[in-house]
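Everything below concerns the one structure shown next.
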Amino acid sequence: MTQPAAPFRIGNFSGFYGDRFDALHEMLAGGELDVLTGDYLAELTMLILGRDRLKDPTAGYARTFLRQLEGCLGLAHERGVRIVTNAGGLNPAGLAAAIRNLAGRLGIPTRVAHVEGDDLTAAHPGSLAAHAYLGGFGIAACLREGADIVVTGRVTDAALVTGPAAAHFGWRPGEYDRLAGAVVAGHVLECGAQATGGNYAFFRDADVRRPGFPLAEIHADGTGVITKHPGTGGVVDVGTVTAQLLYETAGARYAGPDVTARLDTVRLTQDGPDRVRIEGVHGEAPPPTLKVGRNRLGGFRNEVVFVLTGLDIEAKAALVQAQLTDALAKSPPGDVRWDLVRTDRPDADTEETASALLRLVVRDPDQEAVGRALSGAAIELALASYPGFHVLAPPGKGAPYGVFEDVYVPHGAVDHVAVLYDGRRIPVSPAQDTLVLHDVAEPPLPEALPPGPTRRAPLGLVAGARSGDKGGNANVGVWVRTEDAWRWLVHELTVDRLRDLLPESRPLPVARHVLPNLRALNFTVEGILGEGVAAQHRFDPQAKGLGEWLRSRHLDIPEALL
């Protein structure tokens with residue numbers, strides 16, 4: 001009897017630049033793997049690396065990866081595990097050369113390849129960094145030619161998985177369902193422990209003090225299982241995988257340079273303890289353009305947080321606001337924002353809980369306008385303002401802030417190249433078939449729950465949520481765990497109700513996307529993050545807590561669900 005082919009096992013050891021340092025060793029030592037992937041890049045990371053490169057043209061990559069690899073390269077070689085990472089950032093060739101030097105010093109034979117072509121900074125004047133999101137076929141070319149380590153710059157996060165899978169199974173462009181299945185698995189893996197109980201709405205259901213890192217068992221047809229090494233912490237269940245699938249996505253079409261994955265076709269089933277099967281994923285041709293993430297310096301920013309204690313909080317806030325407005329009247333900063341955060345409580349038994357915070361944020365192209373002028377005006381009020389005047393920290397001289405923008409270019413505008421360990425260069429052809437993206441029509445909704453008694457309670461007693469950022473927009477994914485809860489949620493949590501629950505969203509465009517297979521709704525709130533995370537437009541600049549705020553809001557919930 002023919003035995004089924006063994007799955008291709010791809011693990012993750014990093015979800016961002018600064019993730020758990022020991023995870024690379026933990027994953028190599030913890031169980032069987034074919035490939036390990038490390039994701040280091042985000043919108044903010046590219047800005048940070050761009051500023052590094054300004055100071056040192058040989059910089060621009062994630063130096064942490066080199067330190068991690070120094071203690072693990074021998075183990076990876078011994079176990080035959082290949083490593084694929086986007087830690088190359090703005091300088092993948094530089095990181096590849098540094099890895100070769102490390103391997104030579106350690107005496108470990110290592111074939112290092114890298115992927116080029118994403119850097120479009122020269123074509124976008126005024127940018128600190130402008131990089132196209134490449135697909136996985138450059139990675140696949142490197143692996144097919146025998147690379148042990150592949151370093152990339154700005155590829156899509158899921159490309160770290162689709163590239164190795166395409167190389168292993170011999171997938172070619174146009175095998176959209178297989179590629180889409182790998183994209184979904186890659187999206188689940190890309191944020192590391194967020195798939196294994198990290199940052200999970202129902203974190204009290206399992207021991208998530210030190211969640212293990214995830215891995216995917218991928219099959220030739222693109223189906224897969226998300227799991228983790230035996231004995232590691234955390235949990236992998238339909239809920240943790242659903243949460244990560246909704247993270248930083250929007251509609252049913254999840255577009256990439258190789259394929260557009262249809263998230264409304266994803267089916268998740270529990271396949272045993274800490275095992276979730278992903279199947280049914282349908283893929284379509286990619287859109288005709290590539291996304292380019294453009295980071296530029298937006299100007300200078302400064303902030304002061306005034307502490308207001310005890311009585312007359314609003315009157316104290318009005319006084320200091322009027323005083324500073326007068327003091328800056330001759331040369332006011334271009335953008336001034338005041339936020340009063342009522343953290344105070346009446347008759348509080350500690351001074352801290354008797355205090356509110358008044359936050360002033362200013363921005364201007366001129367550093368002087370937000371630096372010395374503001375600092376001097378604020379400090380001069382120390383003995384001449386509201387009773388109990390003090391600030392959390394003295395204002396500084398103003399710091400530069402970044403702006404992130406999405407722009408789009410045709411596939412042919414990018415020279416995607418696999419640079420092999422022996423110096424050969426293999427061009428990667430752009431997508432030949434493309435399909436313009438359109439929103440998917442809302443699917444038929446299930447019948448609403450019959451009327452019955454309700455109770456005023458937090459949404460989070462019934463629903464999980466996860467939120468995140470995409471440039472200046474935020475997404476909030478909301479899901480439930482039972483069919484009855486879904487019948488209630490899909491009719492209750494409309495765009496209008498979301499705006500009621502999250503007043504910050506009221507003046508902004510909000511879109512709702514329905515994903516019945518996941519029992520999930522995904523909302524996009526446009527512009528709530530201003531010019532992106534680096535601009536720090538709001539106090540939670542990446543919208544990480546937006547979903548938890550939504551879960552804390554009260555509404556009338558059927559008692560049968562509570």
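- In this structure, the side chains of Thr152 and Leu134 stay at 4.5 Å or more apart for every pair of heavy atoms.
- Aromatic ring orientation, Tyr40 versus Phe13: perpendicular (interplanar angle above 60°, classes split at 30° and 60°).
- Judged purely by atom type and a 3.5 angstrom limit, Asn302 has no side-chain atom pairing as donor or acceptor with the backbone of Val304.
- Contact of the Asp469 side chain with the Glu248 side chain is registered, since non-hydrogen atoms from C-beta on lie closer than 4.5 Å.
- Residues Val478 and Leu246 come closest through the heavy atom pair N-CD1, 4.0 Å.
- Contact detail for Glu526 and Asn473: the closest heavy-atom pair is CA-OD1, 3.2 Å.
- A cation-pi arrangement is present between Arg363 and Tyr401, with the terminal nitrogen or guanidinium carbon under 6.0 Å from the aromatic centre and inside a 45° cone about the axis.
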Give the C-alpha distance, both sets of side-chain angles, the deciding distance and a yes or no for side chain to side chain donor-acceptor pair (under 3.5 Å) between Asp221 and Thr223. CA-CA 6 Å; Asp221 62 356; Thr223 62; 2.7 Å; yes
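- Not one N or O on the side chain of Asp157 forms a donor-acceptor pair closer than 3.5 Å with the backbone of Glu190.
- Side chains of Asn86 and Asp39 form a contact here, defined as non-hydrogen atoms less than 4.5 Å apart.
- Side-chain contact between Thr269 and Val238 is absent, with no heavy-atom pair separated by less than 4.5 Å.
- Thr242 has its side chain out of reach of Leu245: every pair of non-hydrogen atoms, C-beta onward, lies at least 4.5 Å apart.
- Not a single donor-acceptor pair under 3.5 Å links the side chain of Asp339 to the backbone N or O of Arg359.
- Figure legend: Arg337 and Phe539 shown without cation-pi pairing, the cationic atom not lying both under 6.0 angstrom from the six-membered ring centre and within 45 degrees of its axis.
- With a 4.5 Å cut-off on side-chain heavy atoms, Leu340 and Trp338 do not count as touching.
- Results of the side-chain contact (heavy atoms from CB on, under 4.5 Å) test with Val476 over Ile528, Thr524, Leu546 single out Leu546 as the only residue that passes.
- When every heavy atom of Val184 is checked against every heavy atom of Ala261, the shortest pair comes out as CG2-CB, 4.4 Å.
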Verdict with reasoning, Leu449 to Trp486, per side chain to side chain contact (heavy atoms under 4.5 Å, CB included): CA-CA 9 Å; Leu449 282 184; Trp486 173 239; over 6 Å; no
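- Nearest heavy-atom pair across Leu437 and Ala255 is CD1-CB, 3.6 Å.
- The closest donor-acceptor contact from the side chain of Asn522 to the backbone of Gly251 lies at 3.5 Å or more, if one exists at all.
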Using side chain to side chain contact (heavy atoms under 4.5 Å, CB included), reason through Leu489 and Val462 one step at a time and then give a plain yes or no. CA-CA 9 Å; Leu489 181 78; Val462 173; over 6 Å; no
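- Between the side chain of Gln270 and the main chain of Asp237, no donor-acceptor pair closer than 3.5 Å is present.
- Tyr200 and Trp479 have parallel rings, their planes meeting at less than 30° on a 0 to 90° scale where 60° marks the start of perpendicular.
- A donor-acceptor pair under 3.5 Å links the side-chain atoms of His187 to the main chain of Tyr247, judged by distance alone.
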Residue pair Thr232, Glu26: steps toward the side chain to side chain contact (heavy atoms under 4.5 Å, CB included) verdict: CA-CA 9 Å; Thr232 55; Glu26 291 171 10; over 6 Å; no
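- Note that CG of Asn295 is 5.0 Å distant from CG of Leu47, once rounded to the nearest 0.5 Å.
- Asp118 and Arg154 are not joined by a salt bridge, as no carboxylate oxygen comes within less than 4.0 angstrom of a charged side-chain nitrogen.
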Phe8 vs Glu217, side chain to side chain contact (heavy atoms under 4.5 Å, CB included): CA-CA, chis, key distance, verdict: CA-CA 5 Å; Phe8 186 55; Glu217 299 174 352; over 6 Å; no
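- The backbone N or O of Asn199 sits less than 3.5 Å from a side-chain atom of Arg466, completing a donor-acceptor pair.
- Remark: the backbone N or O of Ala285 is not paired with any side-chain donor or acceptor of Asp433 at under 3.5 angstrom.
- The two atoms that bring Leu160 and Gly38 nearest to each other are CD1-O, 3.6 Å, heavy atoms only.
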Let's go through Ser127 and Arg294 carefully: what are the C-alpha distance in whole Å and the side-chain angles of both, what is the deciding distance for side chain to side chain donor-acceptor pair (under 3.5 Å) to 0.1 Å, and is it a yes or a no? CA-CA 6 Å; Ser127 299; Arg294 179 174 180 246; 2.5 Å; yes
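- Contact annotation: the side chain of Val259 never approaches that of Thr162 to less than 4.5 Å [non-hydrogen atoms, C-beta and beyond].
- Among residues at least two apart or in separate chains, there is no ring pair (Phe, Tyr, Trp, His ring centres under 6.0 Å) pair with a member in residues 512-533.
- Between Pro211 and Arg20 the shortest side-chain heavy-atom distance falls below 4.5 Å.
- Asp205 and Arg481 are joined by a salt bridge, as a carboxylate oxygen and a charged side-chain nitrogen come within less than 4.0 angstrom of each other.
- Ser355 places no side-chain N or O within donor-acceptor distance of the main-chain N or O of Thr343, the cut-off being under 3.5 Å.
- Of the possible donor and acceptor atoms, one in the side chain of Arg512 sits under 3.5 Å from a partner among the backbone N and O of Leu493.
- Glu351 CD: 12 or fewer foreign heavy atoms inside a 6.0 Å radius.
- Nearest heavy atoms, Pro443 versus Pro516: CG-CG, 3.6 Å.
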